[in-house]
Each structure stands twice: as C-alpha cells, then as structure tokens.
Undergrad: 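Starting off with a structure, shown below.
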Amino acid sequence: MSASCLSRAALALLLPLSLAACGRGGSSGAETAAPAATGKATVVKLQVFGDTAELKSYRELIGAYEAAHPGEKVELLPVGKQADHMAKLSTAFAAGNPPDLFILNFRRFGQFAAKDVLLPLGPAMSASGQFKEEEFYAPAVEAFRYREQLMCLPQNVSSLVIYYNRALFKQYGVPEPQPGWTYFKDLIPAARLLTRDLDGDKRNDIHGVGLDPLLIRLAPFIWGMGGELVDDLQAPSTLTLDRGPALLGLNAVKLLISRYRVTPRLIEYQAENNDARFARGALGMLFQSRRYTATLRELEGQGKGLDWDVAPLPRLQQEVGVLHADAYCMARASRQPQAAQRFVAYALSEAGQSILAKSGRTVPSRKTVAHSPAFLDPTQKPAHAQVFLDAIPTLRRTPNVAVWHEIESKADVLLEEWFYEPPLPGESDLEGADTVLVARQIRDATRPLLAEDLAREQARKAPPPAAGGAP
C-alpha cells in the first residue's frame with residue numbers, strides 16, 4: 001500500500017473521533033451510501049422531552065430526515081418531563097452509554113459541559129461548513145457558549161410572552177393587549193376585570209392571570225425594574241435579588257396574589273397547573289413560552305380549542321424579555337459522530353427548521369425560517385406570531401455556569417413558598433419585608449454553589465507548576 005493510501009486509511013480511522021471533520025463533516029456520497037451498501041442502517045439515538053404534541057413534531061422531523069438519507073436511522077428516545085429527561089441523561093453518562101444527541105435548555109447544558117462529556121458542535125460543524133453562526137439569531141447562539149466554545153447548536157430562540165383568552169376578553173369587555181402595553185396600567189387592571197366568581201361561593205372560577213413563581217419567570221420583572229439576577233453574568237459570585245431594583249421587581253409579582261388576588265391560590269395551583277387551567281378556559285392570561293403553542297394547536301385539532309392569541313410581555317420601567325432556547329447537544333462518547341452531525345445539520349437547515357416551526361413548537365433560530373410562512377403562517381394561531389420575533393432584540397439570559405440548574409432548583413422552592421404566603425404580620429403587601437427575607441435566603445443558599453464553581457474555573461485557568469519545582 002502506498003504512503004498516500006496509508007495516510008487515507010489512518011484518517012478514515014481517526015475521523016469519527018475528531019471534533020472537526022474534513023470536507024462536509026462526513027456527508028460525502030461515499031459515506032452516506034455506506035450503510036446501504038452493507039445492509040446495516042446507521043442508527044443515531046436522540047433523546048428529547050416534551051408532551052405529545054412536541055414529540056409528534058420530532059417524529060415528523062426524523063421521518064423527513066430518514067427519507068432524505070436512505071440507510072440512516074434516528075431512534076427517538078422520548079421523555080415526558082424535563083426533570084426525568086435530565087435524570088435519564090445523568091444516569092446514561094454515569095453508565096458510559098449516553099445517547100448520541102439530546103435536546104438541552106441553555107440553563108441546563110452547563111452541568112454537562114463542565115464535565116467535558118459534550119463534543120463542541122460549534123467548532124466541529126463550522127469547520128465542515130455545516131453551520132454558519134451568522135445565519136442564526138445571536139442570543140440563541142451565545143447562550144450555548146461555554147469557556148468560549150460553542151458547545152450546542154440552538155434549534156429555537158423562544159421567549160416568554162403572554163397567552164390570552166380572546167373569548168374572555170370579549171365577554172367581559174376588556175381591551176385586548178396592544179403593543180407597548182404596561183404592567184401596572186394595563187395588565188393588572190385587565191386581570192382584575194377577568195377574575196370572576198361565577199357561582200357566588202366566594203371562590204374565583206376564572207382567574208385573570210397565571211404565573212409560575214419560578215426564577216426564570218420572575219427574571220424579566222427583576223430586569224424590567226432595573227435590577228439584576230447576579231453580580232457578573234460571565235463569572236457570577238452571588239445572586240443580587242436582595243438589592244433595591246430587584247426587590248421592586250419581586251414585589252410587583254407578589255401584588256398579583258397578595259393585593260389583587262387575580263392568580264390562583266396555592267391549593268388551586270397544586271390541584272391544577274396554570275397550563276391546564278388556561279387550556280380549559282379558566283385563566284384569562286398566562287405567562288408561557290412558544291412551546292405551549294403546539295399544545296394549544298393539538299387541543300384545537302381535537303375540538304377542544306380556545307380563541308387565543310399572544311401579546312408581548314408588559315413593560316415595567318424597561319422593555320425586556322427572557323430567553324427560552326433549546327439546542328442539539330452531542331455526547332463526546334457518541335458511537336456515530338458523523339451521522340449525528342448530519343442529522344443536526346438537517347434539523348437546522350431550512351427544511352428541518354420549517355418542520356418544527358409548522359408544528360408550533362419553536363421560534364426558529366435560523367433567521368430565514370423565522371421570517372418565512374412556516375412560522376408566520378396567517379392561517380395558524382397565534383395571529384400575532386410576530387410578537388416572538390419582535391422580542392428578540394430585548395432578550396436577556398441567565399449565566400452559563402455549571403451550577404445554574406442547582407441554583408434555580410434551590411431558588412424555586414423558596415420563591416413558591418414566598419409567593420403564596422401572606423405578608424408578614426404587621427407588614428403591608430407594599431412594604432415587602434417577606435420579599436427582602438426570601439431574597440437574602442436565596443442569596444445565602446446559592447452563594448456556596450457559585451463559590452465552588454468560581455474556584456473550579458480559577459483552578460483550571462491557573463498555570464501548571466514549573467518543572468523541577470519542589471514536590
């Protein structure tokens with residue numbers, strides 16, 4: 001065998017393990033045809049979470065990919081809840097048998113990136129020409145950088161918006177939300193008019209607004225009042241919810257239940273979540289992201305639909321939004337790295353992104369698809385889908401640190417308790433002593449996590465000891 005042939009043979013053996021493939025990342029005709037020639041399909045495992053409507057759209061995407069790539073298969077590993085999805089991934093990595101690909105929210109990928117179990121898809125697919133950053137929205141791309149590397153490739157650039165029941169607005173003579181509407185002058189009065197006790201039992205049958213008391217849901221209130229979640233987005237050392245503007249944002253949320261009573265009480269919230277309450281027509285407005293659109297469309301197809309639309313987040317002191325983005329991540333231990341990258345390339349292409357966009361599941365991260373009829377379809381709800389695109393310039397995100405998922409978990413438990421508890425004895429709902437207390441509890445509970453994360457990063461960046469030094 002000639003030297004050139006030996007070189008090619010060695011390259012063929014090393015190629016699946018490299019982070020950046022030659023040519024088109026293994027998409028040459030010879031490699032694509034290889035599975036068919038041997039009679040064995042190349043199988044890529046993809047783990048995702050979602051409800052039935054979301055999983056249906058992923059199956060459609062996989063079907064289209066397999067039709068365009070004979071001899072290649074994608075095995076969908078569906079998980080119903082995100083918590084179960086994360087647990088299953090952690091277990092699979094611990095066992096050394098992770099799926100090739102999986103969908104992760106940007107607030108959760110850091111814990112895997114820190115353990116060096118992800119193959120950085122950005123460098124790998126950019127080098128092969130399969131991914132060009134400028135074709136995608138910057139907020140979604142930047143959300144998946146870790147240690148200056150683009151680890152996962154974003155499938156969507158969703159945001160938090162207001163879903164509202166148009167039938168209820170019409171029934172009770174409430175003006176529908178308009179661009180530029182505000183929280184105090186517009187949303188709260190609308191919520192009060194929509195809140196109704198229909199049978200006179202002194203319990204509301206219809207609530208004006210639903211908001212899950214989670215840190216990611218409260219972030220736009222904090223930012224909207226001029227506050228911050230952390231002291232440094234790139235290298236946070238502490239949460240800053242206990243500082244003036246951030247406290248104002250938290251108090252603005254607490255007013256919904258403590259003063260105006262326009263949102264379900266704790267016992268009602270535990271009995272039926274806000275998504276289900278809105279779907280059956282018992283909630284006037286709901287803070288939710290784009291993924292809820294697929295659920296509402298499926299209900300409409302079953303004859304259970306609502307007359308609904310979306311509106312931007314109401315303005316407080318500043319116009320601001322919060323990013324909700326998911327991405328395709330790849331295990332460094334993938335047994336089919338080139339085939340996995342081919343699937344991601346297709347999923348992020350105009351054809352692939354259009355499939356998920358038509359399902360209602362995503363706000364496409366690819367700019368051309370976001371502005372196409374696949375997303376802005378005038379025959380499909382919501383009528384004001386442009387709201388999602390208009391929000392992109394205002395989007396902010398949480399830090400990309402390995403411990404952020406743990407931080408949210410600790411904060412959310414405390415925030416739920418705070419939200420549903422009445423003000424402290426002797427305090428009015430405007431004084432917010434309980435808000436100061438919970439903000440400090442969250443700060444103190446999460447500070448050790450951030451300190452550990454900073455210490456790990458500093459140790460990683462520290463120069464190695466000089467050769468010949470003392471043992």
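If you read the sequence from its start, that first residue is 1, and numbering goes on from there.
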Undergrad: So, for L283 and P264, which heavy atoms are closest and what is the spacing to 0.1 Å?
TA: CD1-CD, 4.4 Å
Undergrad: Could you check whether F278 and Y164 have their ring centres less than 6.0 Å apart?
TA: no
Undergrad: List, one per line, each side-chain donor-acceptor pair under 3.5 Å for residues 304-313, sequence neighbours excluded.
TA:
{"unit_1": "D307", "atom_1": "OD1", "unit_2": "R166", "atom_2": "NH1", "d": "3.1"}
{"unit_1": "D307", "atom_1": "OD2", "unit_2": "R166", "atom_2": "NH1", "d": "3.4"}
{"unit_1": "D309", "atom_1": "OD1", "unit_2": "A383", "atom_2": "N", "d": "3.3"}
{"unit_1": "D309", "atom_1": "OD1", "unit_2": "H384", "atom_2": "N", "d": "3.1"}
{"unit_1": "D309", "atom_1": "OD2", "unit_2": "H384", "atom_2": "ND1", "d": "2.5"}

Undergrad: Please list all pairs meeting ring pair (Phe, Tyr, Trp, His ring centres under 6.0 Å) that have one or both residues in residues 386-405, counting only residues at least two apart or in different chains.
TA: none
Undergrad: Determine, for K367 against E133, whether the closest basic-nitrogen to carboxylate-oxygen distance falls under 4.0 angstrom.
TA: no
Undergrad: In residues 204-222, what donor-acceptor pairs under 3.5 Å come from side-chain atoms, sequence neighbours left out?
TA:
{"unit_1": "D205", "atom_1": "OD2", "unit_2": "L198", "atom_2": "N", "d": "2.7"}
{"unit_1": "H207", "atom_1": "NE2", "unit_2": "E268", "atom_2": "OE1", "d": "3.3"}
{"unit_1": "D212", "atom_1": "OD1", "unit_2": "Y269", "atom_2": "OH", "d": "3.2"}
{"unit_1": "D212", "atom_1": "OD1", "unit_2": "N274", "atom_2": "ND2", "d": "2.9"}
{"unit_1": "R217", "atom_1": "NH2", "unit_2": "Q288", "atom_2": "OE1", "d": "3.1"}

Undergrad: Quick check, are the ring centers of Y292 and F287 under 6.0 angstrom apart?
TA: no
Undergrad: For R291, is there an ion pair with E54 - N to carboxylate O distance below 4.0 angstrom?
TA: yes
Undergrad: Could you tell me whether a side-chain N or O of N105 sits under 3.5 Å from a main-chain N or O of D326, the two making a donor and an acceptor?
TA: no
Undergrad: Determine, for D242 against R443, whether the closest basic-nitrogen to carboxylate-oxygen distance falls under 4.0 angstrom.
TA: yes
Undergrad: Is the side chain of Q353 donor-acceptor paired with the backbone N or O of R366 at a distance under 3.5 Å, no angle test?
TA: yes
Undergrad: Could R315 and Y183 be counted as a cation-pi pair, given that NZ or CZ must be under 6.0 Å from the ring centre and within 45° of the axis?
TA: no
